[in-house]
Protein chains: 2
Amino acid sequence: MLELDETPLRMTSQRKVIIDELRGLRTHPTADELFLRVRKKRPRISLSTVYRNLEQLAGCGLIQKLDLCGSQRRYDGDTAAHHHVRCLRCGRVDDIPSEAMGDLRKGVCKTCDYEIIGYRLEYLGFCPRCRKQVRRGKPVKPKPRKKG
Amino acid sequence: MLELDETPLRMTSQRKVIIDELRGLRTHPTADELFLRVRKKRPRISLSTVYRNLEQLAGCGLIQKLDLCGSQRRYDGDTAAHHHVRCLRCGRVDDIPSEAMGDLRKGVCKTCDYEIIGYRLEYLGFCPRCRKQVRRGKPVKPKPRKKG
DNA sequence: ATAATTGCAAAACATTTGCGGGCAT
DNA sequence: ATGCCCGCAAATGTTTTGCAATTAT
């Protein structure tokens, strides 16, 4: 597993607590959930520091930013590609172990223990127009920050 | 297809323009994208009216609220369940026609004409804890609005 | 020493809500 | 006439950013 001291990032205590806490969880917390936990160990830490670090750690490949349902982004200490289950009632998010993938019809999934109601599938790629732009070397820029 | 006059909603001109515009698009606009278009026909309409109507129309089943990648919610005039492709460069979202589902490996999808880079799969259901709550009749409430 | 990083405050964004007046029924 | 709905403005919730002080290198 990639470690903090193998990156260009400085090893601050805040950073270390953030990454340790995140890696110790299997629930893929939002930034503010993580903030509440981290604050128990470092009471003076700020929410911006948490956000900033999550961004940087994801940029270095030490953690993964998730873009799932819901209004808040979630973060994952496991950088391997895998899928997730989200609870429709409490919002908790867990991993789908690869062994469970065959077991995901309606009803209770034996391996992940969720009652599966449905799923959401979104493909990602380049539309016809952008394919050309990308081939011509124009960079992938997601969309200007506001006001067109 | 379900129509406006079959719902308890009043048939205001704003509402009609919103639903017509949305149904005429295949790109699943965000609220503000739709607002810009609708404003050409009704220059005095407000963004809140667009949001409020999208919410109500989705509640009545005339349109569909989408919860895809990205920071903004998108809306779909087609209420049938289906999947989507999102362009990683411009953010455009299109339908995946069901005939295309077999054609979605890496490379250019013949039917939808996107270059497919990957996909995102999220299962939805009830976690072990909430399963019990739901069985006891406790309602599905997503999470209190803020401040615990 | 120097440059990255922090905490705080404020800005930026996306969405929702309160209200008084207007319009569909 | 009733009350749903509109536009406007303000509030809310999430994430980002500017800045001066602090800290890892």
Side-chain angles (χ1 to χ4, degrees), chain A residues 3-19 28-36 38-39 41-60 62-63 65-75 91 93 142-148, chain B residues 3-19 28-36 38-39 41-60 62-63 65-75 91 93 142-148:
Chain A
E3 289 305 330
L4 199 42
D5 56 6
E6 303 171 55
T7 73
L9 299 178
R10 287 188 181 174
M11 208 166 1
T12 65
S13 69
Q14 291 92 331
R15 191 117 72 203
K16 213 176 327 193
V17 175
I18 289 169
I19 194 170
H28 315 305
T30 59
D32 67 293
E33 284 167 0
L34 195 58
F35 171 60
L36 290 176
V38 164
R39 202 164 52 169
K41 297 183 181 163
R42 300 225 96 229
R44 308 240 334 130
I45 200 172
S46 74
L47 181 56
S48 350
T49 296
V50 174
Y51 269 110
R52 244 179 319 222
N53 272 286
L54 289 170
E55 196 61 36
Q56 289 172 112
L57 292 169
C60 294
L62 277 91
I63 66 167
K65 248 195 303 191
L66 303 180
D67 206 347
L68 305 174
C69 281
S71 59
Q72 290 176 81
R73 185 170 290 151
R74 290 175 176 274
Y75 299 86
V93 172
K143 192 178 177 177
R145 191 69 162 133
K146 195 57 200 268
K147 291 273 119 77
Chain B
E3 290 305 329
L4 198 43
D5 56 7
E6 303 171 56
T7 73
L9 300 178
R10 287 192 179 170
M11 208 166 0
T12 65
S13 68
Q14 291 91 332
R15 191 118 71 203
K16 213 175 329 191
V17 174
I18 289 170
I19 195 170
H28 316 303
T30 59
D32 65 295
E33 285 167 357
L34 194 58
F35 171 60
L36 290 177
V38 163
R39 203 163 50 168
K41 296 183 183 164
R42 298 224 97 230
R44 308 239 337 130
I45 201 173
S46 76
L47 181 57
S48 349
T49 297
V50 174
Y51 270 111
R52 243 179 319 223
N53 272 287
L54 289 170
E55 197 60 37
Q56 289 172 114
L57 292 169
C60 293
L62 277 91
I63 67 168
K65 249 196 301 192
L66 302 179
D67 206 346
L68 305 174
C69 281
S71 59
Q72 290 176 80
R73 185 170 291 152
R74 291 176 175 273
Y75 298 86
V93 172
K143 191 180 179 177
R145 192 69 162 134
K146 196 55 200 263
K147 292 270 120 75

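Protein chains get the first letters and strands the later ones, always in sequence-line order, with residue 1 at the start of each. Source: prediction; values computed, not measured.
One atom, CD1 of B/Ile18, and another, P of D/dC5, lie 12 Å apart when rounded to the nearest Å. Atom P of nucleotide C/dG18 and atom CZ of B/Arg52 are separated by 11 Å, given to the nearest angstrom. If you measure from atom CG of A/Asn53 to atom P of D/dA24, you get 13 Å, rounded to the nearest angstrom. As rounded to whole Å, 15 Å separates atom C1' of D/dC5 from atom CG of B/Leu54. Per the geometry, OH belonging to B/Tyr51 stands 16 Å off C1' belonging to D/dC8, to the nearest Å. Distance, B/Phe35 CZ to D/dC8 C1': 12 Å, rounded to whole Å. Taking atom CG on A/Leu4 and atom C1' on C/dT5, their separation rounds to 13 Å, with Å as the unit. D/dT16 atom P lies 7 Å from atom NZ of A/Lys65, rounded to whole Å.
Projected onto DNA chain C by closest heavy-atom contact, B/Thr12 and B/Arg73 fall at different nucleotides, the more 5' of which corresponds to B/Arg73. The nearest heavy atom of DNA chain C to B/Ala31 and to B/Leu9 marks one nucleotide each, and the one closer to the 5' end goes with B/Ala31. Each of A/Leu47 and B/Ile45 was matched to the nucleotide of DNA chain D holding its nearest heavy atom; the match closer to the 5' end belongs to B/Ile45.
Distances were taken from every side-chain heavy atom of B/Gln72 (C-beta onward) to each of D/dG7, C/dC8, C/dA14; the shortest belongs to C/dA14. Candidate nucleotides D/dC8, D/dT16, C/dT6 were compared by shortest atom distance to the side chain of A/Glu55, and D/dT16 ranks first.
The side chain of B/Gln56 contributes no N or O atom lying less than 4.0 Å from OP1 or OP2 of D/dC4. A/Arg44 has a side-chain polar atom (N or O) that falls below the 4.0 Å cut-off from OP1 or OP2 of C/dC8. The side chain of B/Arg15 contributes an N or O atom lying less than 4.0 Å from OP1 or OP2 of D/dC5. Side-chain nitrogen and oxygen atoms of A/Thr49 include at least one within less than 4.0 Å of the OP1 or OP2 phosphate oxygen of C/dG7. Applying the 4.0 Å criterion to OP1 and OP2 of C/dG7, one finds that A/Gln14 has a side-chain N or O inside that range.
A donor-acceptor distance shorter than 3.5 angstrom exists from the side chain of B/Asp67 to the backbone of A/Gly70, with no hydrogens or angles considered. A donor-acceptor pair is defined here as one N or O able to donate and one able to accept, closer than 3.5 Å; no such pair exists between the side chain of A/Glu55 and the backbone of A/Tyr51. With A/Arg15 contributing its side chain and A/Arg10 its backbone, the two residues share a donor-acceptor pair below 3.5 Å. Using a distance-only test at 3.5 Å, with no hydrogens or angles considered, a donor-acceptor pair links the side chain of B/Arg74 to the main chain of B/His28.
Counting distance only, with no hydrogens placed and no angle test, the side-chain atoms of B/Arg10 and the base atoms of D/dC5 include no donor-acceptor pair under 3.5 Å. Checked by distance alone, A/Arg42 brings no side-chain donor or acceptor within 3.5 Å of a matching partner on the base of C/dG7. For B/Thr30 against C/dA14, a side-chain-to-base donor-acceptor contact under 3.5 Å is absent.
For the residue pair A/Ser13 and A/Arg42, a side-chain donor N or O sits within less than 3.5 Å of a side-chain acceptor on the partner.
Looking at B/Leu54 and B/Leu34, their side chains come closer than 4.5 Å, going by heavy atoms from C-beta outward.
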